[in-house]
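Throughout, a chain's letter reflects where its sequence line sits, starting with A, and its residues are numbered from 1.
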Amino acid sequence: MAVITTVEQIGEFVGETVTIRGWLYNKRSSGKIRFLQIRDGTGTIQAVVVKKEVSPIAFAASDTLTQESSLEVTGTVRADSRAPGGYELMVRNIEVIQVAEDFPITPKEHGPAFLLDNRHLWLRSAKQHAILRIRSHVIQAAREYLNREGFILFDAPILTPTACEGTSTLFETDYFYGERAYLSQSGQLYAEAGAMAFGKVYTLGPTFRAEKSKTRRHLTEFWMLEPEVAYAELKDILSLAEQLVSHLVLSVLTHRTEELRVLERDESKLKSIVPPFPRITYDEALDILRQQGVSHEWGNDFGTAEDTLISQQFDCPVMITHYPLTAKAFYMKTAPDNPDVALCVDVLAPDGYGEIIGGSQREDDYQTLLKKLEAHKLPREPFEWYLDLRRYGTVPHSGFGLGIERTVAWICGIRHLREAIPFPRMLQRIYP
RNA sequence: UCCCCGGUAGCUCAGCUGGUAGAGCGGGUGGCUGUUAACCACUUAGUCGGCGGUUCGAGUCCGUCCCGGGGAGCCA
């Protein structure tokens, strides 16, 4: 019995006979020789079937194989510069598990609608594979970093009794006995309760926005990482944000080089992502816009065009702080030296990838928070528990939300968010 | 909700001022001992998004509806 291994590990078995279990990615044939590109989930390897070196049954089997047929191949590992990947398998035997029906996704071009209809199969192609491995790594690296910094994972509920921020549109569903429930659009308020209990916490989970957004920067269901820290002021989470983001980038650069190569990502741009990130205020951002010939009224949040213009001035993600209160959520703390601006930050990724982080120092005074709720015309009852946090040992605290898909899309250098999550949920699409 | 673009073979697309549908890929058959989205030959392949209208005649023109893509607003 040959040892069963993976393509990823194949380099350790040069000269030995191993078995790879996988699927046929592509096939080329030429007379008495067959080249099988086999993928096993960890990578792709070329298996060479030479007629005189395998049984007639095995050779005939190699001819019946269609794209994505499942098979076990046993052969000798050989380093060969002619093979993509550097190693190839000289086949001794082929065990066909299933001859697949005609696979819809061929090695040629396809349109986005077709690919999205076949997302469950599209996931097998090299580029999608690379993106999703990087996504997995980004999440792993984020958790690794936060755990090391003393954070604990604090899961927020997905079914909630009301809006967290009260602004965005919510997905509504029936709860029991005529009650309504809403899918969470942020775990933040719950994370604040966690921070008061544990000091440093983070939530990581799906969030839902029923906005009729129809752009490549939006999904209706997306994942968010939300650290929340007790006794932290705005400057503390600015530092946390730049440390976290640069750690994610460095970790992908170090551990996912093959995937970045598949994606043809310009790595030099990622290598320049090192702290400290530029920090500017909203007012300074307005100055930049003015220099670019764009006038923007004070008090309005920036739109996509403004975000892009500002981020283009920097190689690193830029941290914009002190937005007008009018443009931001009710829970943000007002700057002590300026009653019109919030102690908040938006982090814009370079190259027009947009906002990857939104955060703030939270309002920690009971009476002030109450007034802010009223000013935003939000009902008091659903927020009683949240107000309690300001009645029982309130402290300054801050946190932010990092959009996983936007971060992954930026690191991967892909145009559209839909490829940064296994099964994207969008305005016009919930299948498959 | 608004603005732009699109819907023709399984897939990607071409199809001119209206004259009855075509290429590559995929599938099938055959050939080739080192292929790299292999190649060569032959072959298969259609309710031209739906409905209605104009016309001798509509993939093509008009109306309308459906579906998809991109963008705005909103946001991560």
**Q** Taking only the P atom of each, what is the distance from B:rA76 to B:rC25 in whole angstrom?
**A**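 After rounding to an integer number of Å, I get 48 Å for this pair.
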**Q** Using whole Å, what does the distance between atom P of nucleotide B:rG34 and atom NZ of A:Lys51 come to?
**A**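 It is 15 Å, rounded to the nearest whole Å.
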**Q** Starting at CG of A:Leu427 and ending at P of B:rC3, how long is that distance when rounded to a whole Å?
**A**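 Going from CG in A:Leu427 over to P in B:rC3 covers 16 Å.
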**Q** Whole Å only: how far is the CG atom of A:Leu115 from the C1' atom of B:rG68?
**A**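 Whole-Å distance recorded here is 13 Å.
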**Q** Can you tell me the Watson-Crick or wobble partner of B:rC51, both distances under 3.5 angstrom?
**A**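 Per the H-bond distance test, B:rG63.
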**Q** Quantified in whole Å, what is the P atom distance between nucleotide B:rG49 and nucleotide B:rU60?
**A**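 The same atom, P, in both gives a distance of 8 Å.
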**Q** Need to verify one output field. Residue with the more 5' nearest nucleotide on RNA chain B, A:Pro112 or A:Met224?
**A**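 So the residue in question is A:Pro112.
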**Q** Using Watson-Crick or G-U wobble geometry with both distances below 3.5 Å, tell me the partner of B:rC75, or none.
**A**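 Partner of B:rC75: none found under 3.5 Å.
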**Q** Restricting to side-chain hydrogen bond (donor to acceptor under 3.5 Å, both in side chains), what partner residues turn up for A:His110, sequence neighbours left out?
**A**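 A:His110: side-chain hydrogen bond (donor to acceptor under 3.5 Å, both in side chains) contacts with A:Thr106.
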**Q** Atom CD1 of A:Ile105 to atom P of B:rU12: distance rounded to whole Å?
**A**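 Distance check: A:Ile105 CD1 to B:rU12 P gives 11 Å.
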**Q** To the nearest Å, how far apart are A:Glu88 CD and B:rG34 C1'?
**A**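 Going from A:Glu88 (CD) to B:rG34 (C1'), I get 8 Å.
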**Q** Can you tell me the pairing partner of B:rA41 across any strand shown, Watson-Crick or G-U wobble, with both distances under 3.5 angstrom?
**A**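 Pairing partner, where one exists within any strand: B:rU29.
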**Q** Checking A:Glu242 now: which residues fulfil side-chain hydrogen bond (donor to acceptor under 3.5 Å, both in side chains) with it, not counting sequence neighbours?
**A**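 Residues passing side-chain hydrogen bond (donor to acceptor under 3.5 Å, both in side chains) with A:Glu242: A:Arg279.
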**Q** Test A:Phe222 against every option in A:Arg425, A:Arg406, A:Arg209 by the side chain to side chain contact (heavy atoms under 4.5 Å, CB included) rule and name the one that passes.
**A**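 Among the candidates, only A:Arg209 passes.
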**Q** Strictly by Watson-Crick or wobble contacts shorter than 3.5 Å, is anything paired with B:rA23, and which nucleotide is it?
**A**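 WC or wobble partner is B:rU12.
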**Q** For nucleotides B:rU44 and B:rC11, find the distance between their C1' atoms and express it as a whole number of Å.
**A**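 Pairwise C1' distance, B:rU44 against B:rC11, rounds to 15 Å.
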**Q** Does the plane of the ring in A:Tyr282 sit parallel, tilted or perpendicular to the ring in A:Tyr323? Use 30° and 60° as the thresholds.
**A**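 Answer is tilted, since the angle falls between 30° and 60°.
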**Q** By nearest heavy atom, map A:Arg406 and A:Ala305 onto RNA chain B; which one lands nearer the 5' end?
**A**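 Per heavy-atom nearest nucleotide, the more 5' residue is A:Ala305.
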**Q** Salt bridge (charged side-chain N to carboxylate O under 4.0 Å, His left out) with A:Asp63: which of A:Arg34, A:Lys32, A:Lys27?
**A**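 The single option meeting the salt bridge (charged side-chain N to carboxylate O under 4.0 Å, His left out) with A:Asp63 is A:Arg34.
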**Q** Tell me whether the side-chain N or O atoms of A:Arg28 pair up with the base of B:rC32 as donor and acceptor below 3.5 Å, since no angle test is needed here.
**A**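 No such pair is found, so the answer is no.
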**Q** Less than 4.0 Å between a side-chain N and a carboxylate O, is that true for A:Asp315 and A:Lys271?
**A**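 The answer is no: the pair does not qualify as a salt bridge.
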**Q** Do A:His218 and B:rC75 share a donor-acceptor pair, side chain to base, under 3.5 Å?
**A**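 Indeed, a donor on one side and an acceptor on the other fall under 3.5 Å apart.
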**Q** Less than 4.0 angstrom between a side-chain N/O of A:Arg34 and OP1 or OP2 of B:rU33, yes or no?
**A**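 For A:Arg34, the contact criterion (side-chain N or O under 4.0 Å from OP1 or OP2 of B:rU33) is not met.
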**Q** Does any N or O in the side chain of A:Tyr25 come within less than 3.5 Å of the main-chain N or O of A:Ala126, such that one atom is a donor and the other an acceptor?
**A**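 Such a contact is found between A:Tyr25 side chain and A:Ala126 backbone.
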**Q** When you measure from the side-chain N and O atoms of A:Arg217 to the phosphate of B:rA72, is any distance below 4.0 Å, counting only OP1 and OP2?
**A**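 For A:Arg217, the contact criterion (side-chain N or O under 4.0 Å from OP1 or OP2 of B:rA72) is met.
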**Q** Kindly give the atom pairs (protein nitrogen or oxygen, nucleotide nitrogen or oxygen) under 3.5 Å for nucleotides 26-31 of chain B.
**A**
none

**Q** Does A:Tyr190 form a ring-ring contact (aromatic ring centres under 6.0 Å, His included) with A:Trp385? I'd like the steps, not just the answer.
**A** CA-CA 10 Å; A:Tyr190 295 98; A:Trp385 69 268; 4.7 Å; yes
**Q** Looking only at atom P, what distance separates B:rA41 and B:rA23, rounded to whole Å?
**A**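 Comparing P positions in B:rA41 and B:rA23 gives a spacing of 14 Å.
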**Q** Indicate whether A:Phe35 forms a stack on B:rG34; treat it as stacked only if centroid distance is below 5.5 angstrom and interplanar angle below 30 degrees.
**A**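 No.
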**Q** Name the closest nucleotide to the A:Leu219 side chain, picking from B:rA76, B:rC11, B:rG69.
**A**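 Of the candidates, B:rA76 comes closest.
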**Q** Classify the side chain of A:Ser213 versus the base of B:rC75 as yes if they form a donor-acceptor pair under 3.5 Å and no if they do not.
**A**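 Counting by modelled atom types and ignoring angles, no donor-acceptor contact under 3.5 Å is found here.
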**Q** When you check the phosphate oxygens OP1 and OP2 of B:rG73, does a side-chain N or O of A:Arg209 lie under 4.0 Å from one of them?
**A**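 Result: no.
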**Q** For B:rG18 and B:rC62, measure between their C1' atoms and round to the nearest Å.
**A**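 Pairwise C1' distance, B:rG18 against B:rC62, rounds to 13 Å.
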